[in-house]
Amino acid sequence: MTATVEQPSFTERFFTRALRHTTRRWIVIVAATVIAFHSTWLQLIDEIRAGTTGGYVLIVPPLVAIVAIGITRQRRNELPIHDRQTDIITAVLLLLIALAIKGLLMPRYATNYQVMHLDVLAAWVFVCGACVAMFGLRVTAAYWQAWAMLFLSSPVLYRIVLVESGGTKLAAGQVTLVLAATAIGLATRRTRARGFFYGSATFVTGLFVLILIDQRWPDASIAVSQYVPAVIATLVVGAGAYLWTYRGLAPRTLPPNPVSIPQAVRGALCIVVAALLAALVPLPDQRLTPVSEGPSYSGTATQIVPPGWVQLSSVDYDWPRAYFRQGSVLRRQMIRAEEPNPDWDRLLRPRTVAVQTLQVRSPNAFAVYPTESMYELGMSRVSPKEYVELGHGVTAEYFTVVDDNLLLTWSLLSFVWVRSDTVAQRVSLLTVDNHELDAPFPQPEPNTVTNARTLLRVLLRGNGTVEDTEPEYKDRSMLIEVGRELVEAQWQGE
């Protein structure tokens, strides 16, 4: 009589001891990251509600998790090489770098906070350090492809690609689909051909859904274009690839973790301390232009010229569509005083003012790209901002820029108002200290390369290289007076 060997159930084969230990450690890592960067996650949720593009960040961790699962399925027997001292040193160093990014580096870029989102970079560095503390450096390094995707999907790179792609909702969905396709391609990459096939299938499937959404629901928010096609394509292609590859096979057990439970507990204490310190660091103050209620929309981006001024020209720019999506308009009106004012020019030359109106659908877009980011500043130095009242409840910001390229100083008064449910305008009044009639004015055209150099200079040498600590507010009174006249003219023209 032969004895039958009882086979373990699926649950026993799947929920192994190694999996339970790994799950507990990941719970600690995720909880610590959520607590340490709680303000970041709340900010990203607000950006999703506001209709900006930064909310895509929340889809990146699930995609990276898919890559990690695929790498785990492909791992084979590894050499039992383990040095706990190296693990702790590396983990503490990474956690300190995360704290330094959030507490020291991020305040340097307060104005460009939503563009750069350095707190997201700090969160990913924090997770990497926590993984080294809980799983060991060698195990963490085995997932280098997942880490590469995590760090390369930074908001800065995402926005650069999005702007170069046109800045539309369709482009935003396509860029997010590239991330989803990359995740599936890496997760299924036993061979290059196999990874390319499943990655391409993910992109094509998502593109079909994206086009359908764009055609059937053109007014859907940008978050719908970012999330829905990527999620559907990832689930359909990912599930299909998994079921086809592992049909009839037993679940793959996790390799044993070289970090023991007592060692992981000590690592968790380091993580908790770092998480509490990071949670105490607030988000930077962007010092955004206050949003005011404006007069009823007149149907055009052109501002009514106030009495005593004459319009010389009007020019439209096309580039805002890539930054602020379709329907955005930037119009520059050059106006000149009909009579000279001795308080504005001792030689009695009539002053010229550039009135620039950037019109978008929502004022939340102005938080992503503040006023000064719309110019090629290069080696320029910007003064601290002042806030002034222009009447009718309109608050404006005022600052000056020392432009070493044009060899002049220009002053800018800017305010934001909402003129209807779908129209918001940022109106900027700009003057230069060269009062000649043919004096050059800075063009409202951002330069990605130049602005990147400026950000690098701030990183290496601090904000002192881009700040004018001893500004001369030459045209302050003039711009405030013109600004009040302009605001009054729009209200009178209702």
Side-chain angles (χ1 to χ4, degrees), residues 30-63 98 101-103 105-124 126-127 150 153-160 162-163 167-169 171-173 175-176 179 219-228 230-231 275 278-293 323-325 327-328 358 360-371 373 395 397 416-418 420-426:
V30 172
T33 306
V34 170
I35 294 172
F37 299 90
H38 65 280
S39 55
T40 298
W41 314 132
L42 294 176
Q43 172 66 28
L44 291 172
I45 293 174
D46 290 340
E47 291 182 23
I48 293 176
R49 293 172 178 171
T52 59
T53 58
Y56 87 96
V57 171
L58 297 181
I59 202 177
V60 173
L63 294 177
I101 293 174
K102 188 177 182 183
L105 187 59
M106 189 171 64
R108 289 191 176 188
Y109 300 101
T111 303
N112 299 297
Y113 165 70
Q114 289 196 37
V115 175
M116 302 184 68
H117 261 305
L118 290 177
D119 49 345
V120 173
L121 173 62
W124 301 156
F126 182 90
V127 172
L150 187 65
S153 61
S154 69
V156 175
L157 296 178
Y158 183 92
R159 293 189 190 279
I160 291 176
L162 181 58
V163 168
T168 63
K169 289 194 297 182
V175 176
T176 310
L179 296 177
D219 295 329
S221 67
I222 194 169
V224 174
S225 298
Q226 289 177 310
Y227 277 81
V228 175
V231 170
L280 297 177
V281 180
L283 297 180
D285 181 12
Q286 288 187 261
R287 292 183 63 82
L288 299 173
T289 310
V291 179
S292 310
E293 288 293 331
Y323 286 79
F324 300 95
R325 296 161 54 187
S328 303
L358 176 58
V360 298
R361 293 178 59 88
S362 171
N364 298 309
F366 297 136
V368 181
Y369 299 104
T371 308
S373 67
T395 302
E397 65 177 6
V416 173
W417 58 15
V418 178
S420 74
D421 293 338
T422 58
V423 175
Q425 294 177 342
R426 180 163 67 197

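Because the structure is a prediction, the values reported are computed rather than measured.
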How far apart are the closest heavy atoms of [X] and [Y], and which atoms are they?
X    : Y    : result
F324 : V360 : CB-CG1, 3.7 Å
I222 : G51  : CG2-O, 3.2 Å
I48  : A223 : CG2-CB, 3.8 Å
P284 : P107 : CB-CA, 4.4 Å
Q286 : Q114 : OE1-NE2, 3.3 Å
Q226 : Y158 : NE2-OH, 2.8 Å

Which residues satisfy the ring-ring contact (aromatic ring centres under 6.0 Å, His included) test with Y113, sequence neighbours excluded?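 With sequence neighbours excluded, Y113 shows a ring-ring contact (aromatic ring centres under 6.0 Å, His included) to H117, given in chain and number order.
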Taking only residues two or more places apart in sequence, or in another chain, which ones meet F366 in a ring-ring contact (aromatic ring centres under 6.0 Å, His included)?
->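 With sequence neighbours excluded, F366 shows a ring-ring contact (aromatic ring centres under 6.0 Å, His included) to no residue whatsoever.
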Exercise for review: Output yes when a side-chain donor or acceptor of Y227 lies under 3.5 Å from a complementary backbone atom of G55, and no otherwise.
Suggested key: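 Yes, the answer is positive, given that a donor and an acceptor are paired below the 3.5 Å cut-off.
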Original post:
Hey, does the side chain of S39 reach the backbone of P282 with a donor-acceptor pair shorter than 3.5 angstrom?
Top reply: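 It does not hold such a pair.
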For [X], side-chain contact (heavy atoms from CB on, under 4.5 Å) partners two or more places apart:
X    : value
V281 : K102
V156 : M116, S154, I160
S153 : V60, L179
V228 : V209, I213, V224, I232

Would you say the side chain of [Y] lies within less than 4.5 Å of the side chain of [X], judging by non-hydrogen atoms?
X    : Y    : result
P155 : Y56  : yes
S373 : T111 : no
V57  : W124 : yes
V368 : Y323 : no

Output all residues satisfying side-chain hydrogen bond (donor to acceptor under 3.5 Å, both in side chains) with [X], sequence neighbours left out; order by chain, then residue number.
X    : result
T289 : E397
T395 : E389
S225 : none
S328 : none

Rounded distance (nearest 0.5 Å) linking atom [atom1] of [X] with atom [atom2] of [Y]:
X    : Y    : atom1 : atom2 : value
L63  : L58  : CG    : CG    : 11.5 Å
L118 : R108 : CG    : CZ    : 11.5 Å
W41  : T33  : CH2   : OG1   : 7.0 Å
E47  : N364 : CD    : CG    : 9.5 Å

Enumerate the salt bridge (Lys or Arg N to Asp or Glu O under 4.0 Å) contacts for residues 37-46, please, sequence neighbours excluded, ordered by first and then second residue.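 Residue pairs with at least one partner in residues 37-46: D46-R49.
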Tell me every residue that passes salt bridge (charged side-chain N to carboxylate O under 4.0 Å, His left out) with R287, counting only those two or more places apart in sequence or in another chain.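 Per chain and number, R287 pairs via salt bridge (charged side-chain N to carboxylate O under 4.0 Å, His left out) with no residue.
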